[in-house]
Amino acid sequence: MCGIVGFVGHHQAAPILLDGLSKLEYRGYDSAGLAVRDGEADPVLVKAKGRLQILSDKTDGGKTVVGSCGVGHTRWATHGEPSENNAHPHCSDDHNVVGVHNGIIENYQELKEKLVRNGYSFYSDTDTEVAIKMVDYYYKKYKMGPIDALAKTMVRVRGSYALAVMFKEYPGEIYAARKDSPMIIGVTNGESYLASDVPAVLKYTRDVYYIGNLEMARLTEGKAEFYDLNGDQIEKPLVEIKWDAEAAEKGGYEHFMMKEIHEQPKAVLDTINSMIRYKDEVGEDGTKISGKAFIDLASIGITDEIIRGIHQIHIVACGSAYHVGMAAQYVIEDLARIPVRVELGSEFRYRSLLLDPNDLVVVISQSGETADSLAALREAKDKGVRTLAIVNVVGSSIAREADHVFYTLAGPEIAVATTKGYLTQLVACYILGIQCGIVKGQIPDDKAAELIQELNTLPGKISKILDDKERIQWFAAKFASARDIFFIGRGLDYAICMEGSLKMKEISYVHSEAYAAGELKHGTISLIEEGTLVIGVLTQKALFEKTMSNLVETGSRGAYLANVTTYGNYSVEDSTDFTIYVPKTDEHFAATLAVIPLQLLGYYVACARGLDVDKPRNLAKSVTVE
Ligand code: F6R
């Protein structure tokens with residue numbers, strides 16, 4: 001997974017390409033490069049290993065590279081180590097075709113052998129060089145122009161790609177092709193842009209085209225034309241992006257992650273509001289009830305009739321979104337009494353699936369581009385099962401391919417570690433669970449009203465937790481050099497632990513584990529040593545004492561005990577060393593609140609260790625490879 005950009009217009013391309021890449025660095029940051037053409041001249045290629053800043057310094061912010069048409073790339077290595085040689089753009093030996101690519105060419109070895117037989121040689125270890133030379137090969141063989149060469153390549157290539165290329169004989173033009181990797185194209189007065197994601201072009205235009213799977217585009221100054229695989233021109237609607245560029249900037253915070261943590265109250269509120277409507281009703285006693293809140297999933301095509309027919313729900317997701325699924329399993333099963341299975345995207349498709357036509361497959365994904373989740377969605381569709389996507393990025397592949405889409409309204413999430421994406425996904429699952437419960441006759445009217453009312457209190461309660469963040473910062477500093485951290489809980493609290501543990505390890509690089517509290521004694525407790533930090537999550541009344549006693553067991557083996565619990569459970573202070581309280585809520589919604597201190601803890605430990613919080617090593621924001 002990488003970020004690509006392209007520009008053609010009246011301005012110098014390099015500074016615009018660098019600016020666009022800076023908005024995409026979350027997608028990969030182990031090397032970067034650009035290729036710029038000045039009129040009919042050969043493209044100038046500049047590449048650098050490491051962060052984008054190195055490329056920027058090398059080109060004096062792009063000033064030393066002249067020309068108004070170019071493509072750029074920020075890389076997250078998949079084929080070939082991060083190096084200047086493997087960095088994009090890649091080009092054919094005579095500079096006839098030069099381009100950038102995001103995705104994976106699965107059959108690149110086979111294609112490479114074919115090209116070698118036809119006299120090509122290779123300078124890098126990348127699959128991209130093969131793709132570019134494949135385009136060059138077809139361009140020269142059939143002499144039918146760039147669209148034909150791209151189409152022929154697309155038929156031969158297996159895998160995923162967002163490809164942007166320039167051809168020597170077509171100055172001032174960029175050609176693009178896409179399958180399964182994200183790409184948008186923006187146009188404005190006399191200028192055209194291409195990028196893996198909207199933030200890269202938002203400063204310049206809000207009018208974008210979403211290029212579809214197996215489609216191609218030709219960009220000239222201020223104009224984009226689209227083609228299908230047959231080479232026939234196709235029409236695409238121009239879509240206006242509603243959120244502003246501010247949303248993709250740090251806005252005074254030191255890191256995107258902290259900014260996004262603070263955006264959670266609004267993101268949650270917006271997501272709730274998108275599915276709650278109000279109506280006037282007459283009660284059984286004839287009194288008028290004005291403005292009664294109700295959930296309206298019909299707006300996303302999930303009607304009561306569909307819900308009535310659901311036998312089982314399969315939630316499929318990866319990483320934090322999978323943790324949402326784990327929490328949602330407890331909530332939906334309890335509220336709606338529908339069996340729920342939660343599956344990792346990467347596992348789902350490799351099992352012999354027992355899917356029933358009356359099942360609902362729910363794919364949860366912030367980016368909407370995660371390859372494993374997308375593959376699972378397709379698998380479910382192939383089996384004729386109804387699919388619902390809970391997705392944040394509008395127009396993403398998962399959103400476009402699912403039968404129904406519930407958009408979380410988190411706005412752009414830039415930090416690699418998800419926070420507001422996770423929280424809004426949870427809220428979407430609560431809404432789904434409540435509505436299923438109502439329709440299946442498991443939640444009476446008054447209980448439904450109570451739950452909806454409680455949902456509406458969540459944003460305020462999240463803000464309250466954020467007001468007290470300095471205490472967590474102090475605690476994080478104390479444990480910044482911890483070697484291991486354990487998060488333990490039962491039931492829903494265990495699902496919260498999984499997310500807390502992932503937040504900690506992915507950005508602070510401190511080893512941490514989430515454990516079902518009752519399982520500790522079956523092996524893991526032997527890892528507890530004097531001073532090991534064990535954090536208990538205790539939001540579920542029925543499980544409180546059991547988890548507490550597991551926590552105390554680790555304390556008697558020397559662990560330092562911290563816990564996250566709700567206001568009122570003050571007895572915890574008798575047996576633990578540090579307590580973080582969160583406001584009371586309906587227990588089904590506890591994850592929304594209890595996870596906030598854990599996000600903050602991971603963040604502050606990473607900061608105290610001097611790490612790059614927004615761009616942790618070896619990771620990228622959207623994982624478009626399997
Ligand atoms: C962790 C994190 C990842 C993502 C996972 C799925 O903080 O962000 O674990 O949750 O890669 O990504 P999406 O939701 O885009 O499918």
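First listed ligand is number 1; within each ligand, the first listed atom is number 1. The basis for the numbers below is simple: all heavy atoms, side chains too, and nothing from hydrogens, waters or symmetry mates.
Residue-ligand proximity: Val416 is placed with a non-hydrogen atom under 4.0 Å from ligand 1. Under a 4.0 angstrom heavy-atom cut-off, Glu369 registers as lying outside contact with ligand 1.
Between His88 and His73, the ring planes lie parallel to each other; the angle is under 30°, not in the 30° to 60° tilted range.
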Can you check side-chain hydrogen bond (donor to acceptor under 3.5 Å, both in side chains) on Glu413 and Thr418, steps first, answer last?
-> CA-CA 7 Å; Glu413 192 177 61; Thr418 183; 2.8 Å; yes
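Short contacts between ligand 1 and Lys503, defined as distances under 4.0 Å to a heavy atom of the residue, involve ligand atoms 1 (C), 7 (O). Set against the non-hydrogen atoms of Ala321, the atoms of ligand 1 under 4.0 Å away are 10 (O), 14 (O). Using a 4.0 Å cut-off to heavy atoms of Glu506, the atoms of ligand 1 that qualify are 1 (C), 7 (O). Annotation for ligand 1: atoms under 4.0 Å from non-hydrogen atoms of Thr418 are 2 (C), 7 (O), 8 (O). Less than 4.0 angstrom separates some heavy atom of Ser367 from each of these atoms of ligand 1: 13 (P), 15 (O), 16 (O). Taking a cut-off of under 4.0 Å to the non-hydrogen atoms of Ser365, the atoms of ligand 1 that pass are 13 (P), 14 (O), 15 (O), 16 (O). Numbered from 1 in the order shown, with element, the atoms of ligand 1 that lie under 4.0 Å from a heavy atom of Gln366 read 13 (P), 14 (O), 15 (O), 16 (O). Of all atoms in ligand 1, listed by their number and element, those nearer than 4.0 Å to a heavy atom of Ala417 are 7 (O).
Of all heavy-atom pairs between Val342 and Gly325, the closest is CG2-O, 3.4 Å. Between Ile431 and Ile272, the closest heavy-atom pair is CD1-CA, 4.0 Å.
The side-chain tip of Arg609 does not point at the ring of Tyr509 from less than 6.0 angstrom away and within 45° of straight on.
The aromatic ring centres of Phe589 and Tyr430 sit less than 6.0 Å apart.
Look at Asp382 and Arg378 and you find no salt bridge, because none of the NZ, NE, NH1 or NH2 atoms lies under 4.0 Å from a carboxylate O.
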